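These values consider heavy atoms only, across backbone and side chains, with no hydrogens, waters or symmetry-generated copies. Please read these numbers as outputs of a predicted model, since none were measured by experiment. A, B, ... follow the sequence lines: proteins, then strands. Residue 1 opens every chain.
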2 protein chains.
Amino acid sequence: MSDTQEPSLDEQIAAYQREFRDLDPQVEKVVSALGRLNRRMNVAYGRQVAELGISNAEWEVLKHLVLSGAPYRLGPGELAKRLGLTPAAMTHRIDRMATDGLVTRDRDENNRVRVIVELTDEGRTKWLEAMRMATAFEEDLLQDLSSEERGALGEMLIRLLRRVEHAQPDAGGRLKDLD
Amino acid sequence: MSDTQEPSLDEQIAAYQREFRDLDPQVEKVVSALGRLNRRMNVAYGRQVAELGISNAEWEVLKHLVLSGAPYRLGPGELAKRLGLTPAAMTHRIDRMATDGLVTRDRDENNRVRVIVELTDEGRTKWLEAMRMATAFEEDLLQDLSSEERGALGEMLIRLLRRVEHAQPDAGGRLKDLD
DNA sequence: CCTGAAGACTTCAATACTAAAGTTCGATGC
DNA sequence: GCATCGAACTTTAGTATTGAAGTCTTCAGG
């Protein structure tokens, strides 16, 4: 008995409205759906890459190295910035990935303060396999949307993205107007 | 100064296409925008609730307690399930929140195996303040979209959500709070 | 009753992250 | 050419989370 289960999106929004009068249901619907969708997608990605013996965290690193283009090298600091981690966390993550053979870590001979993290062949292969699984999943995910809908969706998301990105500098309050 | 900076979305997709031939740019655009948007939003939420002296993690707990409706009570196990945490993590989180006065933790007198976590007035106030900040932020975020667009966006996101939920017939998915 | 089993949480050991202090190398000023 | 500053990374200490083992309560059977 008493098996309370997670409320559906609509139930959730209705509950919020009971507790918080001036809530715009339309806005809340978009935001809540975004959040839930992302959580579920991350779970799905995590399960998939786990089959390759890597974690989502490691896959993120592989992605950024590949994105940097051949010869697939980046410094720990740059990686940390892109992944939103502290440099300390990056150090440890690279440690693990290096012992797992996904990347190498070497001092830059031209500037011995710097470190170069480079993708190994094994790392690149893992990335490719992960990418194949991910794209299959993503195709599946979007299969109900027509090409026009996909375009419209992508375009709207990018507009939202622009809003948040331009808002970052100000640590405090509301988003500033863009031009 | 080799100041490599994070690639724009379009640059990122172009880079992926160079490395992975059969990539549907339209699909990738939607998926990448979703991921980035969510990350940025979580950072923004985190900064906001930090002003109230709480973390995103704690705010999540407050949200689920409020969602359960008066008298705002849930068991640790149920909370853990909804938040995608292990029961162990939930125990510790509740510890901290209880010492901070956001919730109380008591044994259920009718069934002394069970524990009841209940929102305090202070917890409810924090939730309300966080909610006010969050909804203001969300309004700003969506300000470029017309009501029709918001409706269409929400509707498409929900279709995607149904797909993920259907595709993942609850194989016990655990997920971290943020990122 | 008494025992065994299952459920709900907690404890313990190990992992991953953050913040802050520490290290090392390179550049700048005198 | 020496000292100092700053940049880039690592180390350390402390916190959050996980998985596994442990505790306590309830319930079902004999």
- Task: Using a cut-off of strictly less than 4.0 Å, decide whether Arg96(A) has a side-chain nitrogen or oxygen near OP1 or OP2 of dC17(C).
- Result: yes

- Query: Which pair of non-hydrogen atoms, one from Gly123(A) and one from Leu62(A), has the smallest distance, and what is that distance?
  - Reply: O-CD1, 3.9 Å

- Heavy atoms of Arg150(B) and Gln143(B) approach each other most closely as NH2-CA, 3.8 Å

- Item | side-chain hydrogen bond (donor to acceptor under 3.5 Å, both in side chains) partners for Glu122(B), two or more places apart | none

- Task: Let me know which of Arg107(B), Arg105(B), Arg73(B) forms a salt bridge (Lys or Arg N to Asp or Glu O under 4.0 Å) with Glu118(B).
- Result: Arg73(B)

- Message: Rounding to an integer number of Å, can you tell me how far Leu74(B) CG sits from dC9(C) P?
- Response: 11 Å

- SB check Arg132(B) Glu129(B) (cutoff 4.0 Å): no

- Message: I'd like to know whether Arg163(B) forms a salt bridge (charged side-chain N to carboxylate O under 4.0 Å, His left out) with Asp144(A), so could you lay out the CA-CA distance, the side-chain angles of the two residues, the decisive distance to 0.1 Å, and finally the verdict.
- Response: CA-CA 9 Å; Arg163(B) 270 266 153 230; Asp144(A) 291 338; 3.2 Å; yes

- Report the stems of DNA chain C as range-with-range entries sorted by first number; a stem here is at least three consecutive pairs, Watson-Crick or G-U wobble, both distances under 3.5 Å, and write none if there are none. C:1-30 with D:1-30

- Is any NZ, NE, NH1 or NH2 atom of the basic residue among Glu51(B) and Arg47(B) found under 4.0 Å from an Asp or Glu carboxylate oxygen of the other? no

- Task: Any chance you could lay out the salt bridge (charged side-chain N to carboxylate O under 4.0 Å, His left out) test for Glu165(A) and Arg162(A), step after step, and finish with the verdict?
- Result: CA-CA 5 Å; Glu165(A) 288 181 340; Arg162(A) 264 201 285 273; over 6 Å; no

- Note on the structure: Minimal heavy-atom distance between Glu139(B) and Asp24(A), with the atoms involved, is OE2-OD2, 3.5 Å

- Could you tell me how the ring of Trp127(B) sits relative to the ring of Tyr16(A): parallel (under 30°), tilted (30 to 60°) or perpendicular (over 60°)? parallel

Under 3.5 Å, which protein N or O atoms sit close to an N or O of nucleotides 2-5 of chain D? Give each pair with its distance.
none

- dT10(D) phosphate, OP1 or OP2: any side-chain N/O from Arg105(A) under 4.0 angstrom? yes

- Residues in contact with DNA chain C, drawn from residues 66-73 of chain B - heavy-atom cutoff 4.0 Å: none

- Does Arg159(A) pair with Glu149(B) as a salt bridge, N-O distance under 4.0 Å? yes

- Item | Glu78(B) CD - dG7(C) P separation (whole Å) | 16 Å

- Hey, mind stepping through Ile158(A) and Lys29(B) against side chain to side chain contact (heavy atoms under 4.5 Å, CB included) and telling me if it holds? CA-CA 9 Å; Ile158(A) 283 168; Lys29(B) 194 160 190 165; 3.0 Å; yes

- Message: Assess whether a salt bridge exists between Arg124(A) and Glu19(B), defined as any Lys/Arg side-chain N lying under 4.0 Å from an Asp/Glu carboxylate O.
- Response: yes

- Expressed in angstrom and rounded to an integer, what is the separation of Ile116(B) atom CD1 from dA8(C) atom C1'? 13 Å

- Message: For the residue pair Tyr45(B) / Glu138(B), report whether a side-chain donor-acceptor contact shorter than 3.5 Å exists.
- Response: yes

- Which ones in residues 53-61 of chain A lie close to DNA chain D, meaning a heavy atom under 4.0 Å from one of its atoms? none

- Message: Strictly under 4.0 angstrom, non-hydrogen atoms only: write out the protein contact profile of nucleotides 18-26 of chain C, one letter per nucleotide from the 5' end, B, S or -.
- Response: BBB----BS

- Query: Pro87(A) near the nucleic acid: base, sugar-phosphate alone, or nothing, with a heavy-atom cut-off under 4.0 Å?
  - Reply: base

- Query: What closest approach, in Å, do Val49(A) and Ser55(A) show between heavy atoms, and which atom pair accounts for it?
  - Reply: CG2-C, 3.9 Å

- Message: Please report the distance, rounded to the nearest Å, between CG in Asp95(B) and P in dA16(D).
- Response: 10 Å

- Task: Of all the heavy-atom pairs spanning Leu23(B) and Ile13(B), show the shortest one and how long it is.
- Result: CD2-O, 4.4 Å

- Could you state the atom-to-atom distance from NZ of Lys81(A) to P of dC9(D) in whole Å? 10 Å

